[in-house]
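As the structure lists them, so they are numbered: ligands from 1, and atoms in each ligand from 1. Since we're looking at a predicted model, the values are computed, not measured.
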Amino acid sequence: QDIVLVGIPMEEGSGRRGCCMGPDAYRTAGLEQELEALGHTVRDLGNLRKEQVAPLSHANGAIKSLDAMAGWTRAINKCAANLARDPVFPIFMGGDHALAAGSVSGLAEGAAEAGRPLFVLWLDAHADFNTLASTQSGNLHGTPLAFLCGLGGFETYLGRPLRHPLVPENVEILGVRSIDAPERELLLRHGVGVSDMRRIDEEGIAAPLRQFLDRVKRHNGLLHVSLDVDFLDPGIAPAVGTTVPGGTTFREAHLVMEMLHDSGLVTSLDLVELNPFLDDRGRTARLMVDLVASLFGRRVFDRPTRSF
Ligand code: DIR
Ligand code: MN
Ligand code: MN
Ligand code: MN
């Protein structure tokens, strides 16, 4: 495949510093080289910059960095919409998860032009389904999925209406184990697909994923994967500001990537919430790169041994 890497050093959505170093950590961990070793061609476009937006305010005083959020969303949206018109596989190297408001909204424009429905697999400890009215933390990385599903009150993000909201039934949140009370209400009301850790414990991670992939295939959909580092258990992935116990294991995460590869359905990817400032000798960055390698065709029998 022709893979394009875009660095998005956004950290304002996370409410703490450090995610701005994510793109360089992926480069240092050898993302481009690992993908090339699998036979793909890779072009690194470097880092995106946010647009300048005049200061914005909101009735919810808890909200942080709304103008930075708007500036990033607009810049990323345009970049993603352009990439969606090319026959390339874009990887958005974040940066916090708020960047998905831009990447997925842009990709949705490309999908609509191609006449294909866009499906989204959201791999995360959290649902990221707060609105500007419901967020208690004020950290806007807790909002992108609600924005992308067309919920109200987000006009400031793009400075215009969202052109192609996701169909909530075409979204699957996998691995979730921390949901705020208002988010729970909104998820149920809008019919978003949610497979929480309880379901994974009972049925295994393959069952809900297989069901979702079958749906994508039946609808001839494009599939975007949005991978939050906190999808993984903190014991194997400490470099994230919002660790939640009880996350996916090393093999569960690789199995997801291997099944996604075998499906042939994935057309774009976000790598988000890596905070290299919190990492332990680069192990989380390396694990994320290895997961991407599995998504792009590395198999169990070819996996190199590593020591940390
Ligand atoms: C919480 C946590 N739901 C919030 N969300 C996080 O702040 O809205 N998302 N950490 O990644
Ligand atoms: Mn190269
Ligand atoms: Mn997230
Ligand atoms: Mn999360």
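Relative orientation of the Phe154 and Phe147 rings is perpendicular, given thresholds of 30° and 60° on the angle between their planes. Taking the six-membered ring where the residue is Trp, Phe89 and Phe296 present perpendicular rings, their angle passing 60° and hence far from 30°.
Every atom of ligand 1 with a heavy atom of Glu183 under 4.0 Å away is listed here by number and element: 3 (N). The atoms of ligand 1 that sit less than 4.0 Å from any heavy atom of Ser137 are 4 (C), 7 (O), 8 (O). Per-residue contacts place His126 under 4.0 angstrom from the following atoms of ligand 1 (heavy atoms of the residue considered): 2 (C), 5 (N), 6 (C), 9 (N), 10 (N), 11 (O). Below 4.0 Å from some heavy atom of Asn130 lie the following atoms of ligand 1, by number and element: 3 (N), 4 (C), 8 (O).
Using a 4.0 angstrom heavy-atom cutoff, His97 does not count as in contact with ligand 1.
Between Asp24 and Arg27 there is a salt bridge, since a side-chain N of the basic residue sits under 4.0 Å from a carboxylate O of the acidic one. Using a cutoff of 4.0 Å between basic side-chain nitrogens and carboxylate oxygens, Glu155 and Arg160 are not scored as salt-bridged.
Each protein N/O/S atom under 2.8 Å from the Mn ion (ligand 4) was counted, for a total of 5.
Protein heavy atom closest to atom 1 (C) of ligand 1, with residue, atom name and distance, is Asp180 OD2, 3.4 Å.
Counting only N and O atoms by type, the side chains of His97 and Ser226 include a donor and acceptor under 3.5 Å apart. Using modelled atom types and a 3.5 Å distance limit, the side chains of Asp67 and Gln52 yield no donor-acceptor pair. With hydrogens and angles left out, the side-chain atoms of Arg298 and Ser294 include no donor and acceptor closer than 3.5 Å. With 3.5 Å as the limit, one finds no donor-acceptor pair spanning the side chains of Ser14 and Asp96. A donor atom on one side chain and an acceptor atom on the other are found under 3.5 Å apart for Ser195 and Glu172.
Two residues are said to be in side-chain contact when any heavy atoms from C-beta on lie closer than 4.5 Å; Asp2 and His40 fail this criterion.
Taking distance alone, with nitrogen or oxygen atoms compared against 3.5 Å, Asp124 stays at or beyond that limit from ligand 1.
Contact annotation for Asp128 and ligand 1: only side-chain heavy atoms (C-beta onward) come within less than 4.0 Å of the ligand.
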